[in-house]
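Each remark here refers to the structure printed beneath this line.
The figures that follow rest on heavy atoms only: side chains count, while hydrogens, waters and symmetry mates do not.
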Amino acid sequence: MAIPKRISDLSREDLIAFVGEYAAEMTEEEALAVLGNRFVTPQICGKIAQTQRLAAYYSVRLELVAHRQTPQAHAAKLVHYLYWTDLVRLSVEVTVPPTVRRAIDNQLVARVAELTAGERVSSARRCSAALIKVLLFDHDPKVFAALLVNQRVREEDLLYYASSPKAEPAQLETLASDPKWSFRYTIRKALAANPLTPRAVAAAQLRYLSADDLRKIHSHPDTSVYVRRCIERLALHASSSAPQRRID
């Protein structure tokens, strides 16, 4: 059987026959063409993954991990050999099976401590939920700012951070000025209640809160004297500006 010029166009039967005959001597380009054929099967993907010479090519490894037809045990194993940028991209790719994405997330979380500040910032803009939970508590304010533009960040994530005793003042101030998230009531309340929030930032949230929430913040032992006084002034102003009932 002569090696065809258009491997990607082979029929299912011809593709199976081709791989059966030439798997041991295929080139990198031929392996990629096989994986690009619409008739490729899990058995063919598995055979390529188990052919050490072919799996040694980075492009082939990457394609096998991304391919829905690759047996998940093989794909999850190959995840360990991919570069960080490709892992981040594949972690949010919906065509990648969930089991493989979980393996990718595990790799990302395991490697995050090895990254430079620039790599963490770049990853924060587009990473998956698993990495978001780790990067939320990164000490670099630029990483937190990058997370705020990540479309996968949820209000629950930011509320968790804004309420945390491990939050950092610079990040809380960034959150308070964010054009998208700063207007959420739950975020305002968490910022006002967290004693780590810079006091001017916390005080700026108070006028948007309900009287009941203001009372709770005022009575909390960790609330600063400054914020308490601001709440008292708000209450006094509200009381003095309330309409007076006429008594006949």
Apart from [X] itself, what residues make up its hydrophobic cluster, given side-chain heavy atom links below 4.5 Å?
X: V94; result: none
X: V149; result: none
X: I217; result: Y185, L206, L209, L214, Y226, V227, I231, L234

N/O donor to acceptor pairs below 3.5 angstrom from side-chain atoms of residues 42-52, sequence neighbours left out:
{"from": "Q43", "atom 1": "OE1", "to": "T41", "atom 2": "OG1", "distance (Å)": "3.4"}
{"from": "T51", "atom 1": "OG1", "to": "K47", "atom 2": "O", "distance (Å)": "2.7"}

For [X] against [Y], the heavy-atom pair lying closest together:
X: R68; Y: P97; answer: NH1-N, 4.3 Å
X: T197; Y: A202; answer: CG2-N, 3.7 Å
X: A190; Y: L159; answer: CB-CD1, 3.6 Å
X: A167; Y: N194; answer: CB-ND2, 4.1 Å
X: L35; Y: H67; answer: O-NE2, 2.9 Å

*Any residue meeting side-chain contact (heavy atoms from CB on, under 4.5 Å) with A31, in chain and number order, not counting sequence neighbours*: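 Counting only residues at least two positions away or on another chain, A31 forms a side-chain contact (heavy atoms from CB on, under 4.5 Å) with L54, V60.
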*asked:* Could you work out, with side-chain contact (heavy atoms from CB on, under 4.5 Å) as the rule, every residue matching A66, not counting sequence neighbours?
replied: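 Once residues adjacent in sequence are excluded, the partners of A66 under the side-chain contact (heavy atoms from CB on, under 4.5 Å) criterion are L90.
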*Which residues pass the ring pair (Phe, Tyr, Trp, His ring centres under 6.0 Å) test with Y161, sequence neighbours left out?*
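Per chain and number, Y161 pairs via ring pair (Phe, Tyr, Trp, His ring centres under 6.0 Å) with F137, F144.
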*Summary of salt bridge (Lys or Arg N to Asp or Glu O under 4.0 Å) pairs that have at least one residue in residues 167-186, sequence neighbours excluded*: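 Salt bridge (Lys or Arg N to Asp or Glu O under 4.0 Å) check on residues 167-186 returns E155-R184.
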*Please report the C-alpha distance between V112 and W84 in whole Å, then the side-chain angles of each, then the deciding distance to 0.1 Å, and finally whether the side chain to side chain contact (heavy atoms under 4.5 Å, CB included) criterion is met.*
CA-CA 9 Å; V112 70; W84 178 269; 4.3 Å; yes
Those residues that, when tested against [X], pass side chain to side chain donor-acceptor pair (under 3.5 Å) (two or more places apart):
X: H218; value: E232
X: Q171; value: none
X: D138; value: R120
X: R207; value: none

Within the side chain of [X], is there an N or O that forms a donor-acceptor pair under 3.5 Å with the backbone of [Y]?
X: R125; Y: L147; answer: no
X: S163; Y: Y160; answer: no
X: N37; Y: V34; answer: no
X: S91; Y: V88; answer: yes

*Before accepting this row, confirm whether a basic side-chain N of the pair D105/R101 lies closer than 4.0 Å to the acidic partner's carboxylate O.*
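Judged by the 4.0 Å cut-off on N to carboxylate O distance, D105 and R101 do not form a salt bridge.
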*Should F39 and L10 be marked as a side chain to side chain contact (heavy atoms under 4.5 Å, CB included) after you check the CA-CA gap, both sets of side-chain angles, and the distance that decides it?*
CA-CA 8 Å; F39 295 116; L10 288 176; over 6 Å; no
*To the nearest 0.5 Å, what is the distance between NE2 (H80) and CG (L87)?*
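These two atoms lie 10.0 Å from each other.
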Are [Y] and [X] linked, directly or through intermediate hydrophobic residues, by side-chain heavy-atom contacts shorter than 4.5 Å (ILVMFWY only)?
X: V79; Y: Y83; result: yes
X: V92; Y: V100; result: no
X: V201; Y: L172; result: no

*Please walk me through it: do Q107 and L82 pass side chain to side chain contact (heavy atoms under 4.5 Å, CB included)?*
CA-CA 10 Å; Q107 274 297 297; L82 298 187; over 6 Å; no
